[in-house]
Asker: 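Please find one structure pasted underneath; my questions will follow.
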Amino acid sequence: MLHVGGARTAIFNYFFARSQGGRFILRIEDTDTERSKQEYTDEILDSMKWLGLDWDAEPIYQTQRFDIYRDYVRKMLADGTAYKCWATAEEIDSMRAKATAEGKKPMYDRRYRDYTGAEPSGPYVVRFKTPLTGTTVVHDLIKGDVTFSNEEIDDFVILRSNDAPTYNFTVVVDDVEMKITHVIRGDDHLNNTPKQILLMQAMGFKIPNYGHVPMILGADKMKLSKRHGAVAVTNYREEGYLPESMLNALVRLGWSKGDQEIFSKSELCKDFPLAGCGSSPSVFDRAKLDHLNNHYIREKSLEDLCALLKKTYLVDLSPLLASESSRKLFEALRERAVRMTDFSALAEWYLRNDFARDEASTKEVMATAPREALEALATKWSAVPDSEFSGVKAFEMIKETATTLKLKIPQLAKPVRVLLTGTLASPDLGIVLEALGKTRALERLRKV
RNA sequence: GUUCCCAUCGUCUAGAGGCCUAGGACACCAGGUUUUCAUCCUGGUAACCGGGGUUCGAAUCCCCGUGGGAACGCCA
């Protein structure tokens with residue numbers, strides 16, 4: 001799945017590429033043939049499309065380029081910058097245990113690095129002959145220069161015993177072959193970067209620019225994981241968030257431009273200064289996402305909302321588009337919807353006559369409801385000719401009735417609201433009445 | 001454990017030595033508007049991790065400490 005961290009990285013890459021007039025290319029790093037599945041890739045592509053991160057050209061799958069990587073491995077073997085290693089898993093485990101016991105980093109002990117004897121039979125991997133001395137500096141666009149001592153870096157595996165190349169090797173080959181100018185990724189990769197630079201140097205490649213963005217953490221400041229609730233982009237779509245909100249929320253995580261909070265996709269495509277990236281990790285906040293989502297829902301036309309609700313959330317609000325009065329109601333609902341999934345509950349009382357009621361508030365309000373006032377109101381409403389019944393007029397009658405019977409307006413308005421909508425939290429009564437119309441309003445009022 | 005990264009309100013952040021009595025947004029609280037809830041308007045609470053330097057002056061630069069994160073795989 002594409003989780004929010006990955007999505008944020010993709011967003012930074014996308015806007016950086018677009019704002020620079022560059023190309024944004026999607027590469028599927030599926031070299032772990034045991035674990036990669038097309039359905040996972042499909043979900044990622046689906047999430048990218050939903051966010052509106054359109055990529056240039058066809059995605060490149062690394063599994064289709066294995067021959068290319070193997071050629072490079074052969075070359076390195078031939079020029080002595082890589083070597084075969086026959087160490088077994090058990091041997092490597094004990095090497096690491098030994099190193100740890102000595103207070104060192106768990107590493108391979110390089111026992112086959114200079115091996116010149118006869119090649120043992122049995123499986124082997126190919127390892128990179130990492131320089132034993134010196135330092136490697138990552139000139140990071142976000143973190144600045146980061147220096148690594150080469151002796152900290154293992155003779156890592158570049159070709160597995162099943163003949164599949166590893167991530168650190170394939171990305172190096174591809175970054176160069178695909179002429180990648182900027183590599184922007186999570187800072188969990190910062191430690192990989194010197195390995196990749198060393199490989200590039202060994203193969204005589206030009207080093208691209210790197211930028212490592214800080215991670216996104218859960219509310220407990222731990223690495224974001226499933227126990228923090230929704231982490232997949234598709235979860236958020238299901239929960240009723242708009243791609244605009246997601247994009248806006250994610251782009252402001254670890255990046256800013258002065259005090260600006262609202263950013264549109266087109267604006268970011270024109271201008272996305274990398275200098276706006278911060279260097280400390282950030283916590284993803286649902287409350288802020290909610291706020292943004294309400295903001296973007298309000299910006300949508302009723303037609304767009306209706307189409308989106310039908311397509312993605314299987315909710316049909318087209319009856320609300322039908323008349324002037326129901327459109328006014330739709331507009332009022334749009335103001336209060338935080339998530340797209342809120343609409344069906346918000347509009348239910350209008351769409352169905354057997355709508356669900358909020359039992360608690362109904363009971364409470366109706367217990368003290370002024371029966372005679374409700375009846376008087378019903379009589380007044382029914383006396384109005386159908387063609388002259390309006391929300392404004394019907395609401396005026398509520399006020400009149402209340403005043404005449406020496407009631408405070410809310411004493412009558414509250415029960416009316418509950419009877420009409422089943423809840424105390426509904427839009428303006430004038431709008432409700434106008435949308436409902438005389439017949440339905442009366443029907444509900446008489447259900448005392 | 002080792003290496004690397006990071007450290008401003010609860011959260012996202014502004015801040016590139018004097019403009020900082022530390023600004024904005026979300027959340028929260030209070031008041032106002034309103035026929036309810038919400039919206040909307042007004043106001044409020046709330047932060048520079050600690051200690052040393054450097055400097056006339058430090059949230060900003062340096063060092064140490066502390067805390068957090070990441071990496072150390074025949075995962076990516």
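Just so we're clear, the structure is a prediction, and the values are computed from it rather than from any experiment. So that the names make sense, note that chain A is the first sequence line, chain B the second, and so on, each numbered from 1.
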Asker: How would you label the contact of Arg35(A) with the nucleic acid (heavy atoms, under 4.0 Å): base, sugar-phosphate, or nothing?
Answerer: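 Counting heavy atoms under 4.0 Å across all strands, the contact made by Arg35(A) includes a base.
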
Asker: Which one, C74(B), A70(B), C6(B), comes nearest to the side chain of Asp188(A)?
Answerer: A70(B)

Asker: Applying salt bridge (Lys or Arg N to Asp or Glu O under 4.0 Å) as the test, list every pair that has at least one member in residues 242-261 of chain A; sequence neighbours left out.
Answerer: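 Listed by first then second residue: Glu244(A)-Lys300(A), Arg252(A)-Glu261(A), Lys257(A)-Asp271(A), Glu261(A)-Lys288(A).
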
Asker: Taking distance alone, no hydrogens or angles, what donor-acceptor pairs closer than 3.5 Å link side-chain atoms of residues 424-435 of chain A to residues at least two apart or in another chain?
Answerer:
| unit_1 | atom_1 | unit_2 | atom_2 | d |
| --- | --- | --- | --- | --- |
| Ser426(A) | OG | Arg417(A) | NH1 | 2.7 |
| Asp428(A) | OD1 | Gly430(A) | N | 2.7 |
| Asp428(A) | OD1 | Ile431(A) | N | 3.2 |
| Glu434(A) | OE1 | Gly391(A) | N | 2.5 |

Asker: Taking all heavy atoms of Lys265(A) and all of Phe15(A), pick out the closest pair and write down the distance.
Answerer: O-CE2, 3.5 Å

Asker: Measure from the side chain of Glu152(A), starting at C-beta and using heavy atoms only, and say which of U2(B), C26(B), A7(B) lies closest.
Answerer: U2(B)

Asker: For the ring pair (Phe, Tyr, Trp, His ring centres under 6.0 Å) test, which of Phe66(A), Phe128(A), Phe205(A), Phe169(A) pairs with Tyr72(A)?
Answerer: Phe205(A)

Asker: How many whole angstroms separate atom OH of Tyr108(A) from atom P of C72(B)?
Answerer: 19 Å

Asker: Tell me the partner of C19(B), counting only Watson-Crick (N1-N3 plus N6-O4 or O6-N4) or G-U wobble (N1-O2 and O6-N3) with both under 3.5 Å; none if nothing fits.
Answerer: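 WC or wobble partner does not exist here.
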
Asker: If each of Asp30(A) and Arg252(A) is mapped to the nucleotide of RNA chain B with the nearest heavy atom, which maps nearer the 5' terminus, i.e. the 5' end?
Answerer: Arg252(A)

Asker: Looking at Arg371(A) and Glu375(A), is any side-chain nitrogen of the basic one under 4.0 Å from a carboxylate oxygen of the acidic one?
Answerer: no

Asker: Please list, chain by chain and in numerical order, all residues satisfying salt bridge (charged side-chain N to carboxylate O under 4.0 Å, His left out) with Glu348(A), sequence neighbours excluded.
Answerer: Arg352(A)

Asker: Using the salt bridge (Lys or Arg N to Asp or Glu O under 4.0 Å) rule, collect all pairs that involve residues 140-152 of chain A, keeping only residues at least two apart or in two chains.
Answerer: Lys105(A)-Glu152(A), Lys143(A)-Asp187(A)

Asker: Has Glu91(A) got a side-chain atom pairing as donor or acceptor with Asp93(A)'s backbone, closer than 3.5 angstrom?
Answerer: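 Side chain of Glu91(A) to backbone of Asp93(A), a donor-acceptor pair under 3.5 Å: no, none is there.
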
Asker: What nitrogen or oxygen pairs link the protein and nucleotides 39-42 of chain B at under 3.5 Å?
Answerer:
| unit_1 | atom_1 | unit_2 | atom_2 | d |
| --- | --- | --- | --- | --- |
| U39(B) | O3' | Arg298(A) | NH2 | 3.3 |
| U39(B) | O2' | Arg298(A) | NH2 | 3.1 |

Asker: Anything under 3.5 Å between a protein N or O and an N or O of nucleotides 17-23 of chain B, put it in a table, one pair a line.
Answerer:
| unit_1 | atom_1 | unit_2 | atom_2 | d |
| --- | --- | --- | --- | --- |
| G23(B) | N2 | Asp259(A) | OD1 | 2.8 |

Asker: Using whole Å, what does the distance between atom P of nucleotide G68(B) and atom CE of Met215(A) come to?
Answerer: 18 Å

Asker: Side chain of Ser282(A) only, heavy atoms from C-beta on: which candidate in U13(B), U3(B), C72(B) is closest?
Answerer: U13(B)

Asker: Do Phe16(A) and Phe272(A) have their ring centres less than 6.0 Å from each other?
Answerer: no

Asker: For Met107(A) and C4(B), give me the distance from atom CE to atom C1', rounded to whole Å.
Answerer: 15 Å

Asker: Would you mind pulling out the nucleotide paired to A7(B), Watson-Crick or G-U wobble, both distances under 3.5 Å?
Answerer: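 A7(B) is paired, partner U66(B).
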
Asker: Applying a 4.0 Å non-hydrogen cut-off, can you work out what His212(A) is touching in the nucleic acid: base, sugar-phosphate, or nothing?
Answerer: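 Nothing, no heavy atom under 4.0 Å.
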
Asker: Which one is paired to U2(B), where only Watson-Crick or G-U wobble pairs with both distances under 3.5 angstrom count?
Answerer: A71(B)

Asker: Just jot down the ring-ring contact (aromatic ring centres under 6.0 Å, His included) partners of Tyr124(A), sequence neighbours excluded, or say none.
Answerer: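 Testing Tyr124(A) for ring-ring contact (aromatic ring centres under 6.0 Å, His included), a comparison that skips the adjacent residues, returns Trp86(A).
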
Asker: Let me know the distance between CZ of Phe284(A) and P of U13(B), rounded to the nearest Å.
Answerer: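 Interatomic distance, CZ of Phe284(A) to P of U13(B): 12 Å.
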
Asker: Is Asp290(A) touching bases, backbone alone, or none of the nucleic acid, heavy atoms closer than 4.0 Å?
Answerer: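 The residue Asp290(A) makes no contact with any strand.
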
Asker: Going by side chain to side chain donor-acceptor pair (under 3.5 Å), name the pairs with one or both residues in residues 161-171 of chain A, residues two or more places apart or in two chains.
Answerer: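 Applying side chain to side chain donor-acceptor pair (under 3.5 Å) to every pair that reaches into residues 161-171 of chain A, excluding sequence neighbours, yields Gln62(A)-Thr170(A), Arg70(A)-Asp163(A), Tyr167(A)-His189(A), Asn168(A)-Asn192(A), Asn168(A)-Gln196(A).
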
Asker: Closer than 4.0 Å, any side-chain N/O of Arg8(A) to the OP1 or OP2 of C12(B)?
Answerer: no

Asker: In this structure, how many angstroms lie between the P atom of C72(B) and the NZ atom of Lys98(A), rounded?
Answerer: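 One finds 22 Å between P of C72(B) and NZ of Lys98(A), rounded.
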
Asker: Is a salt bridge present between Arg27(A) and Glu29(A), judged by a nitrogen-to-oxygen distance below 4.0 Å?
Answerer: yes

Asker: Of the nucleotides A76(B), C74(B), G24(B), which has the atom closest to the Glu261(A) side chain?
Answerer: G24(B)

Asker: In whole angstrom, what separates His291(A)'s NE2 from C28(B)'s P?
Answerer: 11 Å

Asker: Can we say Glu396(A) and Lys399(A) salt-bridge, meaning some charged N sits less than 4.0 Å from an Asp/Glu carboxylate O?
Answerer: yes

Asker: With the side chain of Lys105(A) defined as its heavy atoms from C-beta on, choose the nearest nucleotide among C4(B), A76(B), A71(B).
Answerer: A71(B)

Asker: Out of A70(B), A14(B), A76(B), which has the shortest distance to the side chain of His189(A)?
Answerer: A76(B)

Asker: Just to verify, what does Phe24(A) make a ring-ring contact (aromatic ring centres under 6.0 Å, His included) with, not counting sequence neighbours?
Answerer: Tyr14(A)

Asker: Please report the distance, rounded to the nearest Å, between CD in Glu90(A) and C1' in C74(B).
Answerer: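 In whole Å, C74(B) C1' lies 13 Å from Glu90(A) CD.
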
Asker: For Phe395(A), enumerate each residue passing the ring-ring contact (aromatic ring centres under 6.0 Å, His included) test, keeping only those at least two apart in sequence or located in another chain.
Answerer: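 Residues passing ring-ring contact (aromatic ring centres under 6.0 Å, His included) with Phe395(A): none at all.
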
Asker: Can you work out whether Val283(A) or Ser426(A) has the more 5'-proximal nearest nucleotide on RNA chain B?
Answerer: Val283(A)

Asker: Taking only N/O atoms, report every protein-nucleotides 31-35 of chain B pair under 3.5 Å with atom names and distance.
Answerer:
| unit_1 | atom_1 | unit_2 | atom_2 | d |
| --- | --- | --- | --- | --- |
| U35(B) | O2 | Arg417(A) | NH2 | 2.4 |
| U35(B) | O4 | Asp428(A) | OD1 | 3.1 |
| U35(B) | O4 | Asp428(A) | OD2 | 2.5 |

Asker: If you restrict it to nitrogen or oxygen atoms, what contacts under 3.5 Å exist between nucleotides 58-63 of chain B and the protein, and what is each distance?
Answerer:
none

Asker: Which is true for Pro281(A) with a 4.0 Å heavy-atom rule: it touches a base, it touches only sugar-phosphate, or it touches nothing?
Answerer: sugar-phosphate

Asker: Where is the tightest heavy-atom contact between Thr193(A) and Arg185(A), given as atom of each residue plus distance?
Answerer: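 Residues Thr193(A) and Arg185(A), closest heavy atoms: OG1-NH1, 2.9 Å.
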
Asker: Expressed in angstrom and rounded to an integer, what is the separation of Glu151(A) atom CD from U2(B) atom P?
Answerer: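 Rounded to whole Å, this separation is 15 Å.
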
